[in-house]
Amino acid sequence: MNLLIMGPPGSGKGTQSKYICEKYNIIHVSTGDMFRTAVAEKTEVGLLAKGYLDSGEYVPDSVTVRMVEERLTKKDCQNGFLLDGFPRTLEQAECLQKILKSQGKKLDKVINVEADTELIIKRLSGRRVCPKCGSSYHLKTQPPKVENVCDRCGADLIIRPDDCQETVENRIKVYLNNSADLLKYYKNLDLIVTVNGGNPIGTIFKKICIGISENDNN
Ligand code: AP5
Ligand code: MG
């Protein structure tokens, strides 16, 4: 199973990804997480990406595509993957098709999580993340068992640097500028499963599973 999850910032892509990957036993490939790791490790890609992440702009397609292509050739992706936050531009989508074709693979479904601006701001202003294992929490809707401590690995939780108001506003703008073309592209391929990101986590997950199993050729 090769899947893709898209949606605006804070719509719940990362949250759903954890459940989907567990259920279908596939690898989570999040370009946002990969860039954050690269920034923390001060690699060449990280040094280049930092400014883009801080301002909420997209990292150039050439850099992003190369990073994903390398990741998808790794052995752990051979039994299936879930791309989270890639592609985000039409050019990235076209490159992905070529990469998959060259590897003899195809996408099975594209999960599109819808969320409006008001919801996104509510979600991101209360989000806390684990800098060690990447788990996501929310002060009101999904608090950790112990205040400010990650349930999974015990690390202290942080506010993601790009969750400040100004950057969130730009992330939404950048998403809206690019998503229509992307949605059209995947609608034409008849791959889209749309879910309402405003529903409870479990409800969204059930809808996603139903969408994945419909017309399932696997
Ligand atoms: P990325 O890390 O992908 O950020 P994003 O798209 O802005 O999305 P988020 O991770 O902020 O939100 P999410 O949808 O995962 O929501 P979450 O599950 O955490 O990308 C960051 C940056 O990297 C980009 O700005 C860009 O610079 C760069 N980049 C990445 N990919 C790129 C690409 N392909 N090309 C170029 N540049 C790229 O949930 C949010 C909050 O809501 C949490 O607190 C959670 O607990 C809560 N929550 C989730 N679901 C629910 C629910 N159903 N009910 C109640 N609360 C919920
Ligand atoms: Mg995420």
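If you read the sequence from its start, that first residue is 1, and numbering goes on from there. Values below: every heavy atom of this structure, side chains too, minus hydrogens, waters and symmetry copies. Start at 1 and go down the list; that is how both ligands and their atoms are numbered.
- Within 6.0 Å of OH on Y24 lie more than 12 heavy atoms contributed by other residues, nucleotides or ligands.
- A donor-acceptor contact shorter than 3.5 Å is absent between the side chain of T203 and the backbone of N199.
- Ranking protein heavy atoms by distance to atom 13 (P) of ligand 1, first place goes to K13 N, 3.5 Å.
- Counting protein heavy atoms only, atom 19 (O) of ligand 1 is closest to R127 NH1, 2.7 Å.
- Nearest protein heavy-atom contact of atom 35 (N) of ligand 1 is Q92 NE2, 2.9 Å.
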Checklist entry - Where do R171 and D163 land on the salt bridge (charged side-chain N to carboxylate O under 4.0 Å, His left out) test, with the steps shown first? => result CA-CA 9 Å; R171 283 160 63 199; D163 278 350; 2.9 Å; yes
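- Annotation for ligand 1: atoms under 4.0 Å from non-hydrogen atoms of T31 are 30 (C), 31 (N), 32 (C), 34 (N).
- Those atoms of ligand 1 that come under 4.0 Å of a heavy atom in S136, given as number and element, are 19 (O), 43 (C).
- Looking at Y137, its side chain does come within 3.5 Å of a backbone N or O of D151 through a donor-acceptor pair.
- Counting the atoms of ligand 1 from 1 in the order shown, those under 4.0 Å from a heavy atom of Y58 are 36 (C), 37 (N).
- Taking every non-hydrogen atom of R36 and a distance limit under 4.0 Å, the qualifying atoms of ligand 1 come out as 2 (O), 21 (C).
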Next on the checklist: Evaluate D76 against R71 for salt bridge (charged side-chain N to carboxylate O under 4.0 Å, His left out), listing each step before the verdict.
Outcome noted: CA-CA 9 Å; D76 61 352; R71 183 68 188 87; 2.8 Å; yes
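- Per-residue contacts place I204 under 4.0 angstrom from the following atoms of ligand 1 (heavy atoms of the residue considered): 53 (N).
- Residue E57 places at least one N or O, backbone or side chain, under 3.5 Å from an N or O of ligand 1.
- The single protein non-hydrogen atom nearest to atom 38 (C) of ligand 1 is F35 CE1, 3.7 Å, given as residue, atom name and distance.
- Counting non-hydrogen atoms of other residues, nucleotides and ligands closer than 6.0 Å to NZ of K50 gives a total of 12 or fewer.
- The shell of residues lying under 4.0 angstrom from ligand 1, judged by heavy atoms, excludes D84.
- Geometrically, ligand 1 and G12 share a nitrogen or oxygen pair separated by less than 3.5 Å.
- Of the protein's non-hydrogen atoms, the one nearest atom 56 (N) of ligand 1 is T141 OG1, 3.0 Å.
- Among K206, E114, K207, Q16, the one residue that satisfies the side-chain contact (heavy atoms from CB on, under 4.5 Å) test with V195 is K207.
- For the pair R160 and ligand 1, the shortest N or O to N or O distance falls below 3.5 Å.
- Backbone and side-chain nitrogen or oxygen atoms of L124 are examined, and none is located within less than 3.5 angstrom of a nitrogen or oxygen of ligand 1.
- In this structure, the protein non-hydrogen atom closest to atom 45 (C) of ligand 1 is Q142 OE1, 3.6 Å.
- Nearest protein neighbour of atom 18 (O) of ligand 1, counting heavy atoms only, is T15 OG1, 2.5 Å.
- Sparse packing is recorded around NZ of K122, with 12 or fewer heavy atoms of other residues, nucleotides or ligands lying under 6.0 Å away.
- Evaluated for a side chain to side chain donor-acceptor pair (under 3.5 Å) with T89, the options D61, N177, T64, N178 yield exactly one hit, D61.
- N25 CG: 12 or fewer foreign heavy atoms inside a 6.0 Å radius.
- Of the candidates V129, V59, D54, it is V59 that places a heavy atom closest to atom 37 (N) of ligand 1.
- Around CD of E91, the count of heavy atoms belonging to other residues, nucleotides or ligands within 6.0 Å does not exceed 12.
- Proximity to T64 (heavy-atom distance under 4.0 Å) selects the following atoms of ligand 1: 33 (C), 34 (N), 35 (N), 36 (C).
- Annotation for ligand 1: atoms under 4.0 Å from non-hydrogen atoms of H138 are 44 (O), 46 (O).
- Criterion: ILVMFWY side-chain heavy atoms under 4.5 Å apart, direct or through other members. Under it, I99 and F86 are part of a common hydrophobic cluster.
- Under a 4.0 Å criterion applied to the non-hydrogen atoms of G10, ligand 1 contributes the atoms 8 (O), 9 (P), 11 (O), 12 (O), 13 (P), 14 (O), 16 (O), 40 (C).
- When the options I5, I20, I111, V29 are evaluated for a side-chain contact (heavy atoms from CB on, under 4.5 Å) with D84, the one that passes is I5.
- Checked against a 3.5 angstrom limit, the closest N/O atoms of G126 and ligand 1 fall outside it.
- Where the criterion is an N or O separation shorter than 3.5 Å, residue side chain and backbone included, P200 fails it with respect to ligand 1.
- Applying the side chain to side chain donor-acceptor pair (under 3.5 Å) test to R36 and every residue at least two apart in sequence or in another chain returns D33.
- Ligand 1 has a nitrogen or oxygen under 3.5 angstrom from a nitrogen or oxygen of G14.
- Between the choices R171, R88, R123, the shortest heavy-atom distance to atom 32 (C) of ligand 1 belongs to R88.
- Not one N or O on the side chain of N112 forms a donor-acceptor pair closer than 3.5 Å with the backbone of I192.
- Counting only heavy atoms of the protein, atom 44 (O) of ligand 1 lies nearest to Y137 O, 2.7 Å.
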